[in-house]
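Here is the structure we will look at, set down as structure tokens.
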Amino acid sequence: MSTKTSELLAVAAPRTVAVVRGISDEQLGLPTPCPDYTVRDLLGHLFDVVVNFQALARREEADWSGKTDHLTHGWRDRFATETARLTEAWSDPAALEGVSPGMGLPQETVGSMALIDLTVHGWDLARATGQELTVDPAVVSAGHEFMDRMGDMGQKMGAFGPPVPTEAAPASMDALLGRAGRNPAWTR
């Protein structure tokens with residue numbers, strides 16, 4: 001089985017996994033476009049995202065404490081495994097039904113949050129480590145749809161920074177990054 005959410009995750013996930021695999025240990029201390037996050041910090045957060053959003057797909061409790069050090073031996077392979085599990089968790093149509101008990105939002109919105117986190121943080125990590133992340137147009141479009149619905153709330157909750165004005169075409173990845181509080185021209 002699959003859902004629109006799992007199909008989009010299946011397109012986005014391998015691209016972010018490739019970026020994560022391309023990060024060297026020497027790059028873990030570098031800054032990222034995510035203020036106050038080094039590459040190591042952001043990788044830890046993204047691990048929490050892919051693990052916790054699996055639980056949220058099953059309507060289980062998520063642990064956002066960030067106490068787990070995910071960057072131990074074999075972390076790149078574990079990230080790939082957990083990301084595949086994320087896609088699988090959202091492939092069950094029941095994952096998209098109703099309201100999330102942990103988040104108080106429609107499950108479909110929660111699934112979209114996983115997609116935008118994976119995509120935007122994938123870009124953050126790519127930019128911080130000198131890599132490229134090419135995002136599929138369907139994923140970019142879904143990101144804009146999410147921001148149309150949830151961008152203001154996300155900014156109020158601190159999930160996104162203030163919008164960054166861009167000269168980019170309105171439906172582009174750069175415009176999505178600007179909406180998520182990122183400067184698409186960011187450099188270290």
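The residues of the chain are indexed from 1 along the displayed sequence.
- Taken from CD in E61 to CG in N52, the straight-line distance is 10.0 Å, to the nearest 0.5 Å.
- Within 6.0 Å of atom CE in M103, more than 12 heavy atoms from other residues, nucleotides or ligands are found, so the atom counts as buried in its surroundings.
- Put simply, the side chain of S91 gets close to the backbone of E88: a donor and an acceptor are under 3.5 Å apart.
- Nearest heavy atoms, M150 versus T109: CG-CG2, 3.7 Å.
- Residues V135 and W123 are not in side-chain contact: their nearest non-hydrogen atoms beyond the backbone lie 4.5 Å or more apart.
- Between A12 and L115, the shortest heavy-atom distance links the atoms CB-CD1, 3.8 Å.
- A 6.0 Å sphere centred on CD of Q155 holds more than 12 heavy atoms belonging to other residues, nucleotides or ligands.
- Evaluation of the ring-ring contact (aromatic ring centres under 6.0 Å, His included) test over residues 129-157, restricted to residues two or more places apart or in two chains, returns none.
- The structure places CG of L71 at 9.0 Å from CG of D25, a figure rounded to the nearest 0.5 Å.
- Between A175 and T166 the shortest heavy-atom distance is CA-OG1, 4.0 Å.
- Atoms OG1 and CH2, from T5 and W90 in turn, are 7.0 Å apart once rounded to the nearest 0.5 Å.
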Residues 78-85 side chain polar contacts: donor-acceptor under 3.5 Å, at least two apart:
from : atom 1 : to  : atom 2 : distance (Å)
R78  : NH1    : H73 : O      : 2.6
R78  : NH2    : H70 : O      : 2.4
R78  : NH2    : T72 : OG1    : 3.0
T81  : OG1    : D77 : O      : 3.1
E82  : OE1    : Q54 : NE2    : 2.8
E82  : OE2    : R85 : NH1    : 3.0
T83  : OG1    : F79 : O      : 2.7

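- Under the salt bridge (charged side-chain N to carboxylate O under 4.0 Å, His left out) criterion, no residue pair touches residues 155-177, with sequence neighbours excluded.
- For the pair S141 (side chain) and A171 (backbone), a donor-acceptor distance under 3.5 Å is absent.
- Cluster membership for M153 and W64, using ILVMFWY side-chain heavy atoms within less than 4.5 angstrom, is shared.
- Side-chain contact between V19 and R15: absent, with no pair of heavy atoms (C-beta onward) separated by less than 4.5 Å.
- The shortest heavy-atom contact between V164 and N183 is CG1-CA, 3.9 Å.
- Nearest heavy atom pair, residue R76 against residue I23, reads NH2-O, 2.8 Å.
- Heavy-atom contacts from other residues, nucleotides or ligands closer than 6.0 Å to CZ of F160 number more than 12.
- In the displayed structure, D69 atom CG is contacted under 6.0 Å by more than 12 heavy atoms of other residues, nucleotides or ligands.
- Remark: side-chain polar atoms of R127 are paired, donor with acceptor, to backbone N or O of W186 under 3.5 angstrom.
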For K4 and L96, what are the C-alpha separation, side-chain angles and deciding distance, and is it a side-chain contact (heavy atoms from CB on, under 4.5 Å)?
CA-CA 10 Å; K4 180 181 177 188; L96 298 174; 6.0 Å; no

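- No side-chain heavy atom of E145 sits less than 4.5 Å from a side-chain heavy atom of S112.
- Remark: L125 CG to L42 CG distance equals 4.5 Å, nearest 0.5 Å.
- Heavy-atom contacts from other residues, nucleotides or ligands closer than 6.0 Å to CD of E132 number 12 or fewer.
- With hydrogens and angles disregarded, no donor-acceptor distance shorter than 3.5 Å links the side chain of T16 to the backbone of A13.
- Side-chain atoms of R40 never come within 3.5 Å of backbone atoms of T38 as a donor-acceptor pair (strictly under, hydrogens ignored).
- Formation of a donor-acceptor pair under 3.5 Å by the R58 side chain with backbone atoms of A89 is not found in this model.
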Test side-chain contact (heavy atoms from CB on, under 4.5 Å) applied to V17 and V20, step by step
CA-CA 5 Å; V17 167; V20 168; 5.6 Å; no

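- Annotation: the span from L28 atom CG to D41 atom CG amounts to 10.0 Å, rounded to 0.5 Å.
- The distance from atom CG of D117 to atom CZ of F53, rounded to the nearest 0.5 Å, is 5.5 Å.
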Given H121 and D124, is the side-chain hydrogen bond (donor to acceptor under 3.5 Å, both in side chains) satisfied, shown in steps?
CA-CA 5 Å; H121 290 320; D124 290 332; 3.0 Å; yes

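- Distance alone, capped at 3.5 Å, is enough to place a donor-acceptor pair between the Q107 side chain and the L56 backbone.
- The closest side-chain heavy-atom distance from E108 to T3 is not below 4.5 Å.
- Contact of the C34 side chain with the R182 side chain is registered, since non-hydrogen atoms from C-beta on lie closer than 4.5 Å.
- The neighbour count for E7 CD, taken as heavy atoms of other residues, nucleotides or ligands under 6.0 Å away, is above 12.
- The minimum heavy-atom distance between V50 and L86, with the atom names listed, is O-CD1, 3.8 Å.
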